[in-house]
Every structure is written in structure tokens, then in C-alpha cells.
Amino acid sequence: MSTTTTAGMEESGAGARPLANLDHPPNSRLFLVISKSTPEEVIRDKFSYYGEVQDIWVVRDKQTKDHKGIAYVKFAKSSQACKAMEEMHGKALTEDTKPIKVFIAQSRGSGSHRDVEDEELTRIFVMIPKSYSEDDLRENFKEFGDIEYCSVIKNKTTGESKGFGYVRFLKPSQAAQAIENCERTFKAILAEPRNKQNIFSENEYMNAPRQDATVYGTGYEPSRVQNTSPFGEFGSFGMSEVRGGENISTCLSVTTRGVLTHEQVYSIFDLIPGLECCEIQRDPYMGYSKGYALIRYNNVASAVYAREKLNGFEYPPGNRLGVSYVEDESGDRRSNPVGMMALQLVAAQMMSMVCGGPTGQQMMPPPVSTELQAYGGSTSTTQISRLQVDFSVPPCQQFAPVESAVRERLFVVFNPAVLPLDILEDLFCRYGNLIDVYLVPGRNIGYVKFAERANAAEAMEALHGKVVNGVKLKVMLADPPREESHKRQRTH
DNA sequence: CGACGGGACGC
DNA sequence: CGACGGGACGC
């Protein structure tokens, strides 16, 4: 007995299930072909460099105990296993032994002994906003490694994005790192190889010998050109002008492509104190613009704040508001140089607040962009401070691990419209141990999963009845999920 | 009142 | 060629 207990090394072992761990996370275990003379310790020496080695198993004949020249190395992460594979494959472990082979091991239940090819380990599948171009994808994922190509899947006839895409990396370790470390809203997973159907090997006994067809031209050209986003430039707004000589005013015009009701516009702009007037204008001559509104505050600071915070804001989601200053009909302060200087001064002070001074909590929380980056990574386009509340909220907290058990679920009703997912995650994560926010498509409702009941209770207590980004929330305990019954009519 | 999940590529 | 062990939740 070797008694070196490879699996016993992890401290404070929650005993856990030994077998299940071997396939979690996926592709974190290596299959080695080595010399029959190589002992476990040599493997450990060489491979622990690449990360947390959780288990090493040198395969021996059941009866004779002969070393069969095969070993398995389990890492904590797929990226560690992939890196080790990339660097150790073809290397000799000691001077007197042959070069070894290193592959990602087939998952334990698969029964297949076919080598896992790099082809299957380098392409990831991601969910993305409809507005994303290939370039946006590349921008978001280039930090994880060398990208061979990006593709965004679009409706062939309309050209509209379907909301997902593919990123092919050069190396498996790069794809693995992208999956492990990209923003969770991407829901990145390894892509299924093109030629195969979605086949889950959940204890399926397949009689027909399927040809595993290892030979396939990729037949997929990285179309690197094309694709100028038809949605126009994003990210041109933000903390811009002010000093750039915009005509600051207490009056704002609001343009929107979609129709907004007076109540909707009012509820948004009334989040900022000092709203004096909110008029919806309907202008049949406005062409594409379905409407616009005029806003007036009783002070210039509020107007500046509103302009900075709400210009470019999506409300409802997908509908970007345009907010700009318009002539203050009553005000002639601008004609007066002193009055103008006063305005600029106030504006500058407002801007410094907006841009992250320690103030401003009672009106709205400071911009959350820095916190977003804390759990996000590259926030690609635009993103002004998106979360807007008129009550105080705790700072952002780490999400609970995706695989956490769901200890409580909240049911949320939005009025008059749902909020974007990133805002909701930004909001609910602040109460701790958030697992996931799910919005029911086409409805103004959603569910929020927590890994701890106390956090859910806190969120519910703090947020029920509140207005967030102009949207009123009802936050309640969710009823238990509907049973997924056996009915499976109507697949598509 | 307001109740339940999300994913696949034209060679 | 080169593919699957050992150990065992505990107040």
C-alpha cells in the first residue's frame, strides 16, 4: 500500500464524494501515458507546478499490481489541467524515460477512450447582449488568451443578433480561463463541436456504433472583416462635456424611440429632487422619434445630475433615452456672465460628485462602475452608473458559487417594466450570497436565488416596495418551483 | 394583483 | 500503442 494518500492532503476535508469530484469541474482531470517505471512522486513533482493537484492515481494491474504505464492527475481547475497538458505533453519526466503523453481525461461515465481533442476544448459558447458585435466579443475575451476568431450568430434574413456567439482560442487553457473568469452574465461554456448533435451521455446505452469521426475539416472561416454594428456607436455618451461648452440649463429634453407614458418619464426624473415640470410632447413631425419630453428642475444641479445619469440610460431596457439641455425659457441667467460662471461652478461640483465623491448617498449611490469591475472584469461598452435608487444600499458583494444549493428564492414583480439583468444583479448581490437572477421572458416578473435564507430575507426586507431605476419592485418569497412534469409535448 | 429557465453555428 | 482505485458521512 502506498499509503501516501493523495486524496487526504486537502485540509479540513469535508469528506465529500470521492467519485463525483473527478468530473468536476469538467475537464480538470488528465490522462497520462508514462513509463512503467515512473512513480507517483515524480508525477506530483512535475504537475503540482500547474495548480492544485487533488488526486494522483497510478494505474496498476488488479492482480499483479504491475504498473500499467498510465496515470490520472486531477486538478482543481480545468485551466490548470489544460496548462499542464499543453506544457507536459511530449516531455520526458526523467532523463531515462520516454516522452509522455498527456490528454484531458474522458469523463468517468462516458465509457469512451477516444482522445479528447483540442478542437473540443478551445471554442466557447457565450450569451451576449443583442447589441454585441464580433469586435465587442473580442474586446471582452482577449484578456484570456489568443483568439482565433469570434462569431455572433444572427438571423440570416434580418441580420439581428440572436444573442449568443462563439469564441475560438488557440489553446485549451485559454478557453478554460475564459470560462472560469469571464463575467457570469456570459454564461460561458465549452461549445459543442459543430458536426455533432447535442448528445448527453447520461447513462445512455448506444448500440449503434457511432463513428466518432475524428477527421473533419473545420470548414469554418474566421470572417474577420464585415460587421459594422447597425446599432450605431455605443459608448459615445458618458461623463463628457460640461467643460466642453454645453449650454447648461435647468431644462432638459428627453428623446426616446419607444413610446413612454408621462408616468414613466416622471418616475425616472423624479428620482432626482427638484423636479418641477415633466411634459410629454407628441410631435407627428418627429419622424422616427416616437416622442420626447420636456423636463424642468428647480435647480441647475439636479438638471446636470439628471443629464449625466440618465442620458443613454436604457428605459425600458433596450430603449436608450437621450437627455440634453434645452433653452431655459424663463431663464436669462446665461446672458449674464456672472450667472454663467455660477452655473458652471455648480455643474463642476455636481460632476465631481457624480464621478465618485464620497457624497451623494442620500440622493443616489455613488457610481458603481468601480464595484462592477470588482466582480466583472472588462465592462465593455458604455455603462454609466446603472443602478439608481433613492434609498441607501449596501456595497456589492461576491456572488455565491454558481453550483451553490438554492436555500431561498424570491419572486419579484416589476412595474411598469422589467429592469436589465445587470442592474438587478448589481442590486441583489449587495445583500449577499446571490446565486442568480432569472427574468421570465415577456413578463414583468422574475426570480432571485440565494444560497442563504438570511440574505434573501434581507434583500426582501430592504427592497420590497422600493423604486429602482424608475421601476417599482415587489419582492416576495417565491412559491416552490412548478414540478417539471413528464409532459413534453411541443418541442418547438 | 404577478408564478417558473436560458443556449447552438448555412459547410 | 494507452482508459478508471481507494475510501467511507457520526453528534
Side-chain angles (χ1 to χ4, degrees), chain A residues 1-8 13-19 21-23 29-36 40 55-62 65 68-72 74 98 100-116 123-128 149-157 162-168 185-198 216-221 223 409-415 418 421 436-449 472-485:
Chain A
M1 359 211 319
S2 61
T3 71
T4 32
T5 67
T6 54
R17 27 263 115 122
L19 273 185
N21 282 343
L22 294 179
D23 286 329
R29 197 172 57 121
L30 294 179
F31 168 62
L32 312 188
V33 182
I34 55 180
S35 158
K36 297 189 196 313
E40 175 181 322
D55 188 29
I56 296 178
W57 171 32
V58 175
V59 179
R60 305 190 118 87
D61 184 279
K62 278 223 169 55
K65 305 291 186 187
K68 291 171 75 172
I70 289 169
Y72 294 90
K74 171 70 175 70
K98 292 201 304 187
I100 64 171
K101 298 178 187 174
V102 184
F103 304 96
I104 292 292
Q106 284 285 359
S107 61
R108 216 126 194 262
S110 79
S112 169
H113 290 171
R114 172 184 62 81
D115 292 348
V116 177
R123 198 177 62 137
I124 65 173
F125 179 65
V126 292
M127 308 295 293
I128 52 179
Y149 66 81
C150 297
S151 64
V152 171
I153 305 310
K154 309 187 189 75
N155 181 312
K156 251 322 197 262
T157 57
K162 291 186 177 173
F164 52 82
Y166 298 90
V167 181
R168 170 82 73 182
T185 52
F186 286 117
K187 313 260 158 148
I189 57 174
L190 270 187
E192 295 289 327
R194 294 189 104 258
N195 41 307
K196 295 183 182 147
Q197 295 281 356
N198 278 359
Y216 262 97
T218 48
Y220 199 72
E221 288 309 310
S223 64
R409 233 165 40 115
L410 299 179
F411 175 56
V412 184
V413 182
F414 305 92
N415 197 347
V418 291
L421 207 53
D436 192 31
V437 178
Y438 164 61
L439 295 174
V440 180
R443 321 228 29 193
N444 294 335
I445 56 175
Y447 296 87
V448 185
K449 294 184 205 165
K472 177 98 174 276
L473 303 186
K474 291 183 187 176
V475 185
M476 293 148 287
L477 290 184
D479 295 338
R482 205 179 66 190
E483 309 298 327
E484 178 83 39
S485 67

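- Side-chain atoms of A:Ile153 lie closest to B:dC9 of the nucleotides B:dC4, B:dG2, B:dC9.
- Here the side chain of A:Arg443 pairs no donor or acceptor atom with the backbone of A:Val418 at under 3.5 angstrom.
- As rounded to whole Å, 11 Å separates atom C1' of C:dG2 from atom CG of A:Leu32.
- If you find the closest nucleotide of DNA chain B to A:Ile445 and to A:Ala188, the one lying nearer the 5' end belongs to A:Ile445.
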- [ ] Verify side-chain contact (heavy atoms from CB on, under 4.5 Å) between A:Met127 and A:Phe164, making sure each step is shown before the conclusion.
- [x] CA-CA 4 Å; A:Met127 308 295 293; A:Phe164 52 82; 4.2 Å; yes
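- Checked against B:dC9, C:dG5, C:dG2, the side chain of A:Tyr166 finds its nearest nucleotide in B:dC9.
- Going from atom NZ of A:Lys68 over to atom P of C:dC1 covers 12 Å, rounded to whole Å.
- In the interface, the side chain of A:Arg108 is paired with the base of C:dG5 through a donor and an acceptor atom under 3.5 Å apart.
- Heavy atoms of A:Ile189 sit under 4.0 angstrom from at least one base atom.
- With centroids closer than 5.5 Å and planes inclined by less than 30 degrees as the test, A:Phe31 and the base of C:dA3 pass as a stacked pair.
- Contact annotation: side chain of A:Asn415 to base of B:dG2, donor-acceptor pair absent below 3.5 Å.
- By the criterion of a centre-to-centre distance under 5.5 Å and near-parallel planes under 30°, the ring of A:Tyr72 forms a stack with the base of C:dC4.
- Put simply, the side chain of A:Asp55 and the base of C:dG5 share a donor and an acceptor less than 3.5 Å apart.
- Here the side chain of A:Arg123 pairs a donor or acceptor atom with the backbone of A:Glu192 at under 3.5 angstrom.
- Between the CZ atom of A:Arg168 and the C1' atom of B:dC9 there is a distance of 11 Å, rounded to whole Å.
- With hydrogens and angles ignored, a donor-acceptor pair under 3.5 angstrom links the side chain of A:Arg123 to the base of B:dC9.
- When the nucleotides B:dG7, B:dG5, B:dG2 are ranked by their closest atom to the side chain of A:Lys474, B:dG2 comes out on top.
- Following rounding to the nearest Å, A:Arg29 (CZ) and C:dA3 (P) show an atom-to-atom distance of 13 Å.
- Taking atom CG of A:Asn21 as the reference point, atom C1' of C:dA8 lies 14 Å away to the nearest angstrom.
- A:Phe103 comes within contact range of at least one nucleobase, with a heavy-atom separation under 4.0 Å.
- The aromatic ring of A:Phe164 does not stack onto the base of B:dG7, failing the criterion of a centre distance under 5.5 Å from the six-membered base ring together with planes under 30° apart.
- Within the 4.0 angstrom heavy-atom criterion, no nucleotide atom of any strand lies near A:Asp61.
- Between the C1' atom of C:dA3 and the CG atom of A:Leu22 lies a distance of 13 Å, rounded to the nearest Å.
- Residues A:Ile70 and A:Lys65 each lie close to DNA chain C; by heavy-atom proximity, the contact nearer the 5' end of the strand is made by A:Ile70.
- In textbook terms, a nucleotide whose glycosidic angle is within 90° of 0 is syn, while B:dC9, being further out, is anti.
- Rounded to whole angstrom, the span from the OH atom of A:Tyr447 across to the C1' atom of B:dG5 amounts to 10 Å.
- Heavy-atom nearest nucleotides on DNA chain C were determined for A:Arg60 and for A:Lys36, and the one closer to the 5' end corresponds to A:Lys36.
- Not counting sequence neighbours, the partners of A:Lys472 by the side-chain contact (heavy atoms from CB on, under 4.5 Å) test are A:Asn415, A:Val467.
- Side-chain N/O atoms of A:Arg443 include one lying less than 4.0 angstrom from OP1 or OP2 on B:dA3.
- Mapping A:Pro441 and A:Phe411 onto DNA chain B by nearest heavy atom places A:Phe411 at the nucleotide closer to the 5' end.
- Side chain A:Lys156 to base B:dG10: no donor-acceptor pair is found below 3.5 Å.
- For the pair A:Phe414 and A:Leu439, the minimum side-chain heavy-atom distance is below 4.5 Å.
- Residues that satisfy the side-chain hydrogen bond (donor to acceptor under 3.5 Å, both in side chains) test with A:Lys74, not counting sequence neighbours, are A:Ser28, A:Gln54.
- In this structure, OH of A:Tyr438 is placed 6 Å from P of B:dG6, rounded to the nearest angstrom.
- When distances run from any side-chain atom of A:Gln106 to the nucleotides C:dA3, C:dG6, B:dC9, the shortest one goes to C:dA3.
- Looking only at distances, no side-chain donor or acceptor of A:Asp23 sits under 3.5 Å from a matching main-chain atom of A:Ser107.
- When the side-chain nitrogen and oxygen atoms of A:Lys62 are compared with OP1 and OP2 of C:dG5, one or more of them lie within a distance under 4.0 Å.
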